[in-house]
*Asks:* 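Here you go, one structure.
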Amino acid sequence: MVKLKLPDGSERVLEGDLTGKDLLATLEPALKKEVICLSIDGELADLGAPLPAGTTVSLVRRTDPAALEVLRHSTAHIMAQAVKRLFPEAKLAIGPAIENGFYYDFDLPRPLTPEDLTAIEAEMKKIVKEDYPFTREVLTKEEALARLKAEGEVYKVELVEELEDGTISFYQQGEFNDLCRGPHLPSTRYAKAYKLTSIAGAYWRGDSSRPMLQRIYGTAFFNREELESYFKFLEEAKKRDHRKLGRELDLFSTDEQIGAGLILWHPKGGRIRQVIEDFWRDEHVKNGYELVYTPHLGRSVLWETSGHLGFYQENMYAGMEVEGQDYLIKPMNCPFHIAIYQSRSRSYRELPFRWAELGTVYRYERSGVLHGLLRVRGFTQDDAHIFCRPDQMPEEIDRVLEFCLKMLKAFGFKEFKLYLATRPEKSVGTEERWAAATEALRAAIEKTGLPYEVDEGGGAFYGPKIDLKIKDALGREWQCSTIQFDFNEPERFDLTYKGPDGHDHQPYMIHRALLGSLERFFGILIENYEGAFPLWLAPVQAIVLPVLPENLEYAGTIYDWLRQNGIRAELDSRNEKIGYRIREAQMQKIPYMLVVGSKEAETGQVAVRARREGDLGAWSREDLLARMQEEIAAKR
RNA sequence: GCCAGCGUAGCUCAAUUGGCAGAGCAGCUGACUUGUAAUCAGCAGGUUAUCGGUUCAAGUCCGAUCGCUGGCUCCA
């Protein structure tokens with residue numbers, strides 16, 4: 001007896017020795033067409049799978065996310081079959097479904113070219129048309145190894161050697177056979193909309209000491225429309241690329257002579273940064289932080305004490321010698337904040353300390369990982385360290401998390417996802433401290449009511465942490481904020497405070513960054529807003545456009561008046577047609593264009609054109625200023 | 001760092017098989033006197049990323065360096 005759960009919530013009981021195919025036969029045709037595979041007691045299985053008695057079976061339809069994964073995984077197999085046809089000597093590695101598609105890694109006799117992708121796609125089309133069913137067979141470990149060794153599939157052999165006997169399945173479609181857990185599509189015909197997207201190198205098992213394989217990426221959907229809208233999404237993302245917008249809007253640049261991953265903030269980018277920094281400082285002071293400033297270098301003995309020379313050295317720049325002493329450029333701010341703590345003895349009455357700094361750090365990132373503003377070698381963290389007593393710790397965590405959300409919301413982010421990372425195997429700190437800190441983090445997260453995941457063992461060796469991800473206008477996730485406990489440095493620096501009992505106690509130390517780094521956050525903001533910053537952030541908030549040179553004098557009074565009222569205004573007095581100057585201002589994404597001609601000069605008004613709404617007609621300057629100030633205050 | 005690709009004027013891109021480095025936009029000069037997304041004309045702009053090599057001849061072929069792009073965890 002098998003229980004079948006239908007999508008509408010109803011259940012049917014089926015008798016006898018059944019497979020998925022028998023079950024399918026009992027369904028109405030419209031539903032039957034939708035089914036891709038099955039879920040037997042929550043485990044995905046092929047449509048042809050036998051149904052053990054006493055199980056509950058549900059249908060996985062095209063619209064289910066699991067179905068898309070199956071489709072992509074099967075498409076990866078179809079691609080591998082095509083590659084094998086074109087390169088019989090190809091060795092197979094792995095080929096899973098991933099977030100936006102799939103890949104398959106191959107060991108090939110020569111590097112692939114983009115033309116090869118076209119040829120592989122053409123071969124895939126044939127395979128789909130030939131409509132091979134995917135059939136499953138289960139082999140013993142011995143049989144599996146014998147088969148793969150005979151085929152020379154060295155990577156698959158390695159995979160099988162790590163598997164347990166009795167769990168080893170192979171899938172066959174046409175002449176192609178591959179080790180695979182499954183499940184798969186009923187047949188190759190189901191793969192209707194796919195595209196190979198790129199070729200990349202990838203180490204076998206991600207290990208740089210192992211062979212470099214060739215990875216082919218692709219994506220697949222159940223229909224053409226979805227495939228096309230995915231490529232539209234990619235185009236949309238390309239339009240928002242902060243590297244492109246950064247150049248077009250004159251926000252930032254890099255320079256070969258200066259070096260990779262080192263950012264030059266141009267005046268317009270600088271204005272935005274200043275607004276962000278001013279807001280950040282004000283909010284920190286309001287929220288009980290004090291601002292500190294620390295140097296860019298410190299003696300190597302500092303980094304020995306902190307432990308960075310042990311666990312972080314590969315990310316630090318080589319030191320320099322000054323008067324016989326070794327100095328290193330800071331990759332983190334924490335040892336300096338600790339030094340402030342240690343500048344005198346501390347009492348339990350003084351705690352907590354919340355010390356914040358926009359601290360510029362330098363980290364050696366491998367050249368291949370650098371990316372615009374998002375991954376750089378020199379950046380400014382919006383860093384802070386909290387030193388507190390154990391009894392204060394839960395409240396401090398609450399406050400940080402609440403503050404963090406408030407800060408991110410001010411920049412227009414509305415969707416958040418939290419990740420709680422717990423104790424890894426190799427770690428320092430007492431069991432009690434880990435448990436108390438992890439509990440405080442969990443409790444703070446739960447108070448927010450936001451969705452979260454627990455990353456078991458994903459914490460740093462020195463403490464548990466919360467990572468917070470934001471969703472941007474395109475639905476992409478970015479990680480900015482992090483809240484981390486540190487049990488390592490208080491120990492290494494022997495941080496203490498005098499307790500009410502007259503004894504020394506170790507404070508809790510919490511690292512936290514809300515925006516992450518100003519560079520990275522700026523990059524995310526550019527992409528989120530597509531360069532069209534809300535008024536409070538816009539580098540140029542208003543541009544005054546005299547219609548004729550004879551209107552220049554009046555335009556100048558408007559311009560001065562705006563600046564005196566704290567508006568970042570510019571005056572475009574160039575001898576160009578008004579349409580031309582409006583076009584330029586529009587392309588520079590300036591929120592307000594103020595057209596002033598003889599009519600306005602007579603009435604003392606301005607003709608307002610808003611970036612998004614267009615021509616708003618004549619406004620008195622007071623009304624305009626009120627509108628702008630309201631918009632700035634609301635951070636819209 | 002490794003794999004693959006790329007680097008021509010400020011930007012976007014041309015330049016037959018190796019055979020005189022070009023266009024549009026931006027810039028500058030001048031004319032036009034302009035009312036809500038591009039007025040017209042002229043001028044200037046380059047050691048083809050850098051260094052070396054092959055060749056009668058290199059933007060093009062070879063090597064090195066620098067920089068840029070995509071990828072290198074997501075378990076058959």
Side-chain angles (χ1 to χ4, degrees), chain A residues 69 73 76-77 80 92-100 102-105 108 110-114 116-117 144 148 153 155-163 167-171 177-182 184 197-217 238 241 243-244 247-248 250 253-262 314 364-372 458 545-551 574-588 593-600 607-611 613-618:
Chain A
E69 262 183 61
H73 186 190
H77 274 237
L92 304 172
I94 58 171
I98 52 172
E99 197 182 340
N100 289 310
F102 61 86
Y103 68 79
Y104 211 116
D105 287 346
L108 292 168
R110 65 165 175 85
L112 290 169
T113 64
D116 290 323
L117 286 192
L148 292 169
E153 292 287 2
Y155 302 101
K156 295 285 181 190
V157 167
E158 189 178 325
L159 292 171
V160 167
E161 274 165 354
E162 291 169 19
L163 292 177
T167 62
I168 298 163
S169 57
F170 281 75
Y171 276 79
N177 185 289
D178 192 5
L179 170 73
C180 182
R181 184 170 52 195
H184 277 290
T197 50
S198 62
I199 313 162
Y203 297 108
W204 169 232
R205 314 209 106 177
D207 181 343
S208 58
S209 68
R210 315 279 322 252
M212 172 72 73
L213 305 174
Q214 295 193 67
R215 175 170 296 180
I216 305 177
Y217 281 93
K238 215 171 169 185
D241 192 315
R243 297 165 298 187
K244 174 174 166 281
R247 187 174 54 241
E248 288 171 1
D250 200 13
S253 63
T254 55
D255 186 325
E256 273 193 39
Q257 294 184 82
I258 291 167
L262 301 169
E314 60 182 32
Y364 167 64
E365 300 282 358
R366 294 175 305 162
S367 57
V369 306
L370 300 174
H371 181 89
L545 306 171
V547 176
L548 290 171
E550 66 211 52
N551 307 126
R574 290 177 302 171
N575 190 11
E576 294 287 351
K577 287 177 83 165
I578 192 71
Y580 176 88
R581 284 174 288 155
I582 283 173
R583 179 184 148 83
E584 281 218 332
Q586 194 79 44
M587 291 197 309
Q588 284 295 305
M593 288 153 269
L594 308 175
V595 178
V596 291
S598 307
K599 274 185 282 179
E600 288 75 22
V608 178
R609 183 188 167 95
R611 176 174 61 194
E613 299 144 89
D615 193 347
L616 299 179

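All heavy atoms count here, side chains included; hydrogens, waters and symmetry mates do not.
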*Asks:* How would you summarise protein contacts on nucleotides 64-73 of chain B per nucleotide, using B for base, S for sugar-phosphate only and - for none, with heavy-atom distances below 4.0 Å?
*Replies:* --BSSSBBBS
*Asks:* If I pick the C1' atom on G59(B) and the same atom on G27(B), what distance separates them, to the nearest angstrom?
*Replies:* 25 Å
*Asks:* Could you check whether any side-chain heavy atom of E600(A) comes within less than 4.5 Å of a side-chain heavy atom of P546(A), counting everything from C-beta outward?
*Replies:* no
*Asks:* May I ask you to test the M587(A)-E248(A) pair for a side-chain heavy-atom distance under 4.5 Å?
*Replies:* no
*Asks:* Hey, is the side chain of E365(A) pairing donor to acceptor with the base of G1(B) inside 3.5 Å?
*Replies:* no
*Asks:* Given A37(B), U33(B), G35(B), which nucleotide is nearest the side-chain atoms of L548(A)?
*Replies:* U33(B)
*Asks:* Give the ring-plane orientation class for Y171(A) versus H184(A), where under 30° counts as parallel, over 60° as perpendicular and anything between as tilted.
*Replies:* perpendicular
*Asks:* For the side chain of M587(A), counting heavy atoms from C-beta on, which of C74(B), A37(B), U39(B) is nearest?
*Replies:* A37(B)
*Asks:* Both atom distances under 3.5 Å, Watson-Crick or G-U wobble: I'd like the secondary structure of RNA chain B as a dot-bracket string, with | for pairs made across strands.
*Replies:* (((((((..((((.....[..)))).(((((.......))))).....(((((..]....))))))))))))....
*Asks:* Hey, is D207(A) close enough to R205(A) for a salt bridge, meaning N to O under 4.0 Å?
*Replies:* no
*Asks:* Could you go over nucleotides 23-26 of chain B and give all protein N or O partners under 3.5 Å, atom names and distances?
*Replies:*
residue : atom : partner : partner atom : Å
A26(B)  : OP1  : Y580(A) : OH           : 3.3

*Asks:* Take atom C1' in U16(B) and the same atom in G10(B), then report the distance between them in whole Å.
*Replies:* 30 Å
